[in-house]
Amino acid sequence: MGKLTVGALRAVLVVVLVGTVFVQTLMLWALISGKDPEDGSLPLTALRVITILGMVSVQVALVCVWRLVTMVRHGTVFSDVAFRYVDGVIGAIVAAALVWFAVTAVNAPGQRDDPGVTLIMGGVGVAILGVALIVLVLRMLLVQAVARDAEAAQMQAELDEVI
């Protein structure tokens, strides 16, 4: 990866991280201060807690991607250490899907007249799980690449002994 690409990606990661921390701070303030009374249309307290948890899953994914980008930059991404961060991304995506399903469940009682909204929201949750499956497939490709890299290193060592 080029320096410009890494710099741009890191800038995006920082902006998203700062944004999620800002949203969490606002949600915590609303929970603690109690200055935003619920009008009864939605359980806002539950949605605020869910939002805070959702932001945590995003933050975990951001940190893991940051570490993976660092490993790519240093040329160490084809190692067993990378699996920990890829697994972290997968876990964060699954957690985000579960959080989304929680939002869907909290929102569902208000959608009795139009259950299509709940179905669409459930479909979005399934799509989020699909992203986790895509990252899992990419992890399997990384496993193959790490194995090939180790095999190539072993063959190089054997060739060096012969020479």
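Please read these numbers as outputs of a predicted model, since none were measured by experiment.
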(request) Output, in order, the C-alpha distance, side-chain angles, deciding distance and verdict of side-chain contact (heavy atoms from CB on, under 4.5 Å) for Arg73 and Leu68. (result) CA-CA 9 Å; Arg73 191 77 184 126; Leu68 286 168; over 6 Å; no
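- Following chains of ILVMFWY side-chain contacts shorter than 4.5 Å, one cannot reach Val117 starting from Leu119, and the two form parts of different hydrophobic clusters.
- Following chains of ILVMFWY side-chain contacts shorter than 4.5 Å, one can reach Leu17 starting from Leu28, so the two form part of one hydrophobic cluster.
- A search for side-chain hydrogen bond (donor to acceptor under 3.5 Å, both in side chains) contacts involving Ser79 returns nothing, not counting sequence neighbours.
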(request) I would like to know whether Val56 and Thr20 meet side-chain contact (heavy atoms from CB on, under 4.5 Å); could you show each step before the answer? (result) CA-CA 8 Å; Val56 169; Thr20 58; over 6 Å; no
(request) Verify side-chain contact (heavy atoms from CB on, under 4.5 Å) between Thr76 and Val81, making sure each step is shown before the conclusion. (result) CA-CA 9 Å; Thr76 60; Val81 177; over 6 Å; no
(request) Let me see the working for Gln24 and Gln59 under side-chain contact (heavy atoms from CB on, under 4.5 Å), right down to the final yes or no. (result) CA-CA 11 Å; Gln24 283 176 321; Gln59 291 163 347; 2.7 Å; yes
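- Counting heavy atoms from C-beta on, the side chains of Val69 and Val77 never come closer than 4.5 Å.
- Here the straight-line distance linking atom CD of Gln154 with atom CG of Leu159 works out to 12.5 Å at 0.5 Å rounding.
- Between Leu138 and Leu142, every side-chain heavy-atom pair lies at or beyond the 4.5 Å cut-off.
- Nearest heavy atoms, Ala108 versus Thr118: CA-OG1, 3.7 Å.
- Taken from CG in Leu141 to CG in Leu136, the straight-line distance is 10.0 Å, to the nearest 0.5 Å.
- Applying the side-chain hydrogen bond (donor to acceptor under 3.5 Å, both in side chains) criterion to Arg148, with sequence neighbours excluded, gives no partner residue.
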(request) Before giving the answer on side chain to side chain donor-acceptor pair (under 3.5 Å), spell out for Arg10 and Thr5 the whole-Å C-alpha distance, their side-chain angles and the decisive distance to 0.1 Å. (result) CA-CA 8 Å; Arg10 286 187 172 165; Thr5 305; over 6 Å; no
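- Annotation: Phe78, atom CZ; neighbour count of heavy atoms from other residues, nucleotides and ligands within 6.0 Å does not exceed 12.
- Within the 4.5 Å cutoff, the side chain of Val89 has no heavy atoms near those of the Val86 side chain.
- Going from atom SG of Cys64 over to atom CG of Leu13 covers 11.0 Å, rounded to the nearest 0.5 Å.
- Enclosure of atom CZ in Phe83 by more than 12 non-hydrogen atoms of other residues, nucleotides or ligands within 6.0 angstrom is indicated.
- Ile128 CD1 to Ile93 CD1: the interatomic distance, rounded to the nearest 0.5 Å, is 9.5 Å.
- Using a 4.5 Å cut-off on side-chain heavy atoms (C-beta onward), Val146 and Glu151 make no contact.
- To the nearest 0.5 Å, atoms CE (Met27) and CZ (Phe22) are separated by 9.5 Å.
- When atom types are taken as modelled, the side chain of Trp100 and the backbone of Met121 share a donor-acceptor pair closer than 3.5 angstrom.
- Val63 and Ile90 sit in two unconnected hydrophobic clusters of ILVMFWY residues. Membership requires side-chain heavy atoms under 4.5 Å apart, directly or through other members.
- Taking every heavy atom of both residues into account, Ala92 and Ser57 meet most closely at CB-O, 3.2 Å.
- Grouping the Ile, Leu, Val, Met, Phe, Trp and Tyr side chains by contacts below 4.5 angstrom, directly or via other members, places Val60 apart from Val12.
- Taking CD1 of Ile50 as the reference point, atom OG1 of Thr104 lies at 9.0 Å (rounded to 0.5 Å).
- Tracing side-chain contacts under 4.5 Å through hydrophobic residues (I, L, V, M, F, W, Y), one never reaches Leu129 starting from Ile120; they form parts of separate clusters.
- Evaluated for a side-chain contact (heavy atoms from CB on, under 4.5 Å) with Val21, the options Thr25, Val23, Val18 yield exactly one hit, Thr25.
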